[in-house]
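A note on names: the letters A, B, ... follow the listed sequences, proteins ahead of strands, and every chain is numbered from 1. This one's a predicted model, so the numbers in the text were calculated from it and none came from an experiment.
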Protein chains: 2
Amino acid sequence: MRNFHNYKVMVTLQPDTEKQFLKDYNPNDFDRPSTAVDSVIYSVFDDELHVLIVKRANHPFRDYWSLVGGYVDLQNDTDLIDTAMRKLIEKTGVKTPYLEQFNTIGNKTRDPRGWSITTVYFALLPVDSITLEAGHGAQDIKWAKLTNGKVKEKLAFDHDAILKACTKRLRDKVLYTSLPIHLMPEKFTLNGLQRVYEIIIDNKIDHKSFRRRLLNADILEETGEMQKTGRRPAMLYKLKKSNETFFFLRNLEGSQ
Amino acid sequence: MRNFHNYKVMVTLQPDTEKQFLKDYNPNDFDRPSTAVDSVIYSVFDDELHVLIVKRANHPFRDYWSLVGGYVDLQNDTDLIDTAMRKLIEKTGVKTPYLEQFNTIGNKTRDPRGWSITTVYFALLPVDSITLEAGHGAQDIKWAKLTNGKVKEKLAFDHDAILKACTKRLRDKVLYTSLPIHLMPEKFTLNGLQRVYEIIIDNKIDHKSFRRRLLNADILEETGEMQKTGRRPAMLYKLKKSNETFFFLRNLEGSQ
DNA sequence: AGAATAGTGTCTGTAAGACATTATGAC
DNA sequence: GTCATAATGTCTTACAGACACTATTCT
């Protein structure tokens with residue numbers, strides 16, 4: 001280790017107590033990057049994976065579609081997930097979404113205004129119980145069909161890349177967790193759940209394997225009710241009380 | 001969707017072009033949280049998992065130990081990993097660390113100065129080729145032994161919680177990846193690598209299983225050289241060219 | 001020879017994949 | 001009855017765990 005002769009000098013230039021230091025502290029002494037939160041909000045319906053996008057009413061990228069996001073409100077948000085939750089409720093009205101942090105991107109170039117950081121969350125919403133709400137700076141809002149991690153709309157900022165990476169993460173995680181249950185209504189059939197798995201991983205899963213896997217996980221319980229649409233009625237299951245995501249020890253490998 | 005009568009008014013109050021908007025833009029119009037990057041720097045030696053900590057020279061939490069971190073330098077860092085890399089080189093001199101983003105924590109309370117965000121990376125360093133460098137605002141720097149995700153030193157801010165969560169993530173990920181290879185010198189024995197796995201997951205692994213797993217992954221190649229310490233010499237392996245982390249389809253389950 | 005570490009052989013157990021079969025309802 | 005969807009039976013395959021065994025060096 002090096003020896004700093006001027007060490008004492010450096011220290012005595014500082015206030016002696018933390019209290020004094022905090023009193024003198026000015027948050028504008030150093031430039032800070034802008035800090036946003038963006039959410040990739042997924043839902044599965046019509047046999048397709050969809051993502052919620054909003055049309056930007058303001059510059060930059062005015063009139064482009066983008067992920068649902070906004071700036072941290074230093075007065076009203078107590079933490080980052082608060083910001084994500086607030087924006088999500090504003091746009092969808094859903095109050096108890098599954099929200100998970102995906103990644104944080106921060107660099108000089110992603111926003112023309114300069115250094116900016118965004119923390120990306122993803123949300124899983126069941127189809128039912130969503131009512132889209134326009135306004136709040138968004139000219140429009142809609143579900144966009146996802147194919148191969150992409151939507152046909154050109155998105156603002158680096159949102160195309162974020163969406164692609166996040167969708168890959170979702171797919172990878174679906175191979176070893178029970179995440180897709182969060183995309184289902186409260187009561188659902190095993191075959192319904194399997195279809196959602198298959199849509200996300202874009203691959204067929206063996207019927208028997210899938211049932212074994214989920215039933216052995218011991219996270220579902222029969223409701224006693226049956227779904228009577230289609231031919232033979234199917235058992236309706238629901239998630240057991242212990243609400244957490246289940247992690248399987250082995251990945252689904254995908255047929256063929 | 002709702003109908004906003006006053007919608008047009010809102011829009012026309014904005015500049016018409018993105019160019020004009022950017023010209024008028026003032027980054028200080030809104031308060032921003034402070035934005036840091038902290039790294040959990042791991043290394044395994046003396047049959048223990050260690051983490052690098054530095055003693056804080058400045059308020060707040062002066063004289064507390066903390067993770068290696070610092071603020072984003074808007075002039076010189078082009079992205080967040082740049083900031084992490086720069087701090088890591090400053091402290092250890094290591095230029096090609098394995099660095100992976102772990103998580104971002106942002107809230108009102110973690111820093112007494114107010115709303116602050118930190119993006120946490122973790123680094124894996126081989127024991128060899130590390131020279132600790134003091135200075136740069138740190139009075140001291142050292143490797144702290146990790147037991148159960150904790151160090152005996154009381155850390156600044158929420159670094160105890162970050163360290164614990166990050167170490168859990170590391171452990172979990174070691175169960176299904178080849179991550180620990182990044183903790184090894186260029187040439188290493190399979191038994192040496194196994195010991196590092198065992199130290200991180202804090203569990204024994206069956207010898208035969210481990211060799212099968214790593215050799216079948218086809219990510220290692222024999223160097224032809226032997227390690228001559230101990231009794232029977234052991235084959236020295238190195239990572240094949242394709243440098244990426246291997247993901248196994250099944251987790252290690254831990255003996256007993 | 002004996003100790004210590006490196007490395008193999010081989011059996012068991014578990015859960016995924018494949019796919020044939022049976023069950024239950026609508027028509 | 002036929003059709004469609006729900007659900008089971010059961011064989012194969014892949015790979016982790018257990019553990020006995022052999023191999024190579026040192027003293």
Side-chain angles (χ1 to χ4, degrees), chain A residues 47 172 174-178 180 184 187-198 201-238 246-256, chain B residues 47 172 174-178 180 184 187-198 201-238 246-256:
Chain A
D47 266 328
D172 287 349
V174 161
L175 295 174
Y176 61 90
T177 64
S178 62
M184 307 301 288
K187 298 172 186 176
F188 54 88
T189 67
L190 278 180
N191 284 325
L193 180 58
Q194 180 176 345
R195 246 163 267 135
V196 170
Y197 267 84
E198 290 175 339
I201 70 177
D202 194 25
N203 220 330
K204 286 278 173 205
I205 304 172
D206 181 80
H207 191 66
K208 186 61 199 291
S209 268
F210 184 80
R211 301 177 80 82
R212 232 183 353 218
R213 192 169 157 102
L214 270 107
L215 294 174
N216 285 344
D218 195 36
I219 53 176
L220 301 180
E221 60 188 3
E222 300 188 351
T223 60
E225 293 170 65
M226 306 295 272
Q227 188 182 68
K228 290 220 181 61
T229 61
R231 301 298 173 157
R232 174 174 170 179
M235 174 60 72
L236 283 163
Y237 290 85
K238 64 176 183 182
F246 186 85
F247 288 75
F248 297 93
L249 289 178
R250 301 192 189 177
N251 274 25
L252 288 172
E253 291 168 34
S255 310
Q256 291 148 58
Chain B
D47 266 327
D172 287 350
V174 162
L175 294 175
Y176 62 89
T177 64
S178 62
M184 307 300 289
K187 297 171 187 180
F188 55 88
T189 68
L190 277 179
N191 284 325
L193 180 58
Q194 179 176 347
R195 247 163 265 135
V196 171
Y197 266 84
E198 289 175 340
I201 70 177
D202 195 25
N203 220 330
K204 286 278 174 206
I205 304 171
D206 181 81
H207 190 66
K208 186 62 200 287
S209 267
F210 183 80
R211 301 178 81 80
R212 229 182 356 215
R213 193 170 156 99
L214 269 292
L215 294 176
N216 283 344
D218 195 36
I219 53 177
L220 301 181
E221 57 186 6
E222 300 188 351
T223 60
E225 291 170 66
M226 307 295 274
Q227 189 181 66
K228 292 222 180 61
T229 61
R231 300 295 174 159
R232 173 173 170 179
M235 174 60 72
L236 283 164
Y237 289 85
K238 64 176 182 181
F246 186 85
F247 288 76
F248 296 94
L249 289 178
R250 300 192 190 177
N251 274 25
L252 287 173
E253 290 166 36
S255 309
Q256 287 148 61

| said: I'd like to know if A:Arg212 reaches the base of D:dG9 with its side chain, counting only an N/O donor and acceptor under 3.5 Å. | reply: no
| said: Please report the distance, rounded to the nearest Å, between CZ in B:Arg231 and P in C:dG7. | reply: 16 Å
| Candidate pair A:Asn216 and A:Phe248, rule side-chain contact (heavy atoms from CB on, under 4.5 Å), full reasoning | CA-CA 10 Å; A:Asn216 285 344; A:Phe248 297 93; over 6 Å; no
| field | Nearest-angstrom distance from the residue atom OH of B:Tyr176 to P of C:dA15 | value | 20 Å
| query | Where the side chain of A:Arg213 is defined as all heavy atoms beyond and including C-beta, which of D:dA4, C:dA16, C:dG7 is the nearest nucleotide? | reply | C:dA16
| query | In whole Å, what is the span from the CZ atom of B:Phe246 to the C1' atom of D:dC15? | reply | 12 Å
| How do B:Arg250 and B:Met235 order along DNA chain C: which one's closest nucleotide is nearer the 5' end? | B:Met235
| query | Separation of B:Leu193 atom CG from C:dG7 atom C1', in whole Å? | reply | 15 Å
| Integer-rounded Å distance: C:dT22 P and A:Arg232 CZ | 14 Å
| Is the backbone N or O of B:Ile205 less than 3.5 Å from a side-chain atom of B:Glu198, with the two atoms forming a donor-acceptor pair by type? | yes
| For D:dA7, does OP1 or OP2 lie under 4.0 Å from any side-chain N or O of A:Arg211? | yes
| query | Taking atom P of D:dA16 as reference, at what distance in whole Å does atom CG of A:Leu249 sit? | reply | 12 Å
| query | Does any N or O in the side chain of A:Thr223 come within less than 3.5 Å of the main-chain N or O of A:Lys238, such that one atom is a donor and the other an acceptor? | reply | no
| message | Quick check: on DNA chain C, is the nucleotide nearest A:Asn251 upstream (toward 5') of the one nearest B:Tyr237, or the reverse? Name the residue that is more 5'. | response | B:Tyr237
| said: Taking donor-acceptor contacts at under 3.5 Å, does the side chain of B:Lys208 reach the base of C:dG9? | reply: yes
| request: Assess whether one donor atom and one acceptor atom, taken from the side chain of A:His207 and the base of D:dA6, lie less than 3.5 Å apart. | output: no
| message | Closest approach to the side chain of A:Ser209, judged atom by atom: which nucleotide of C:dA16, C:dG25, D:dT25 is it? | response | C:dA16
| said: For a quick test of reading the model, state the closest non-hydrogen atom pair linking A:Asp206 to A:Gln194 and the distance between them. | reply: C-NE2, 4.1 Å
| query | Can you tell me how far P of D:dC19 sits from CZ of B:Phe210, to the nearest Å? | reply | 20 Å
| query | Taking all atoms of both residues into account, what is the closest heavy-atom pair of A:Ser209 and A:Arg212, and its distance? | reply | OG-NH2, 3.1 Å
| Would you say A:Arg195 reaches D:dA6's phosphate, i.e. side-chain N/O to OP1/OP2 under 4.0 Å? | yes
| field | Gap between atoms CG and P, on A:Asn191 and D:dA4 respectively (whole Å) | value | 16 Å
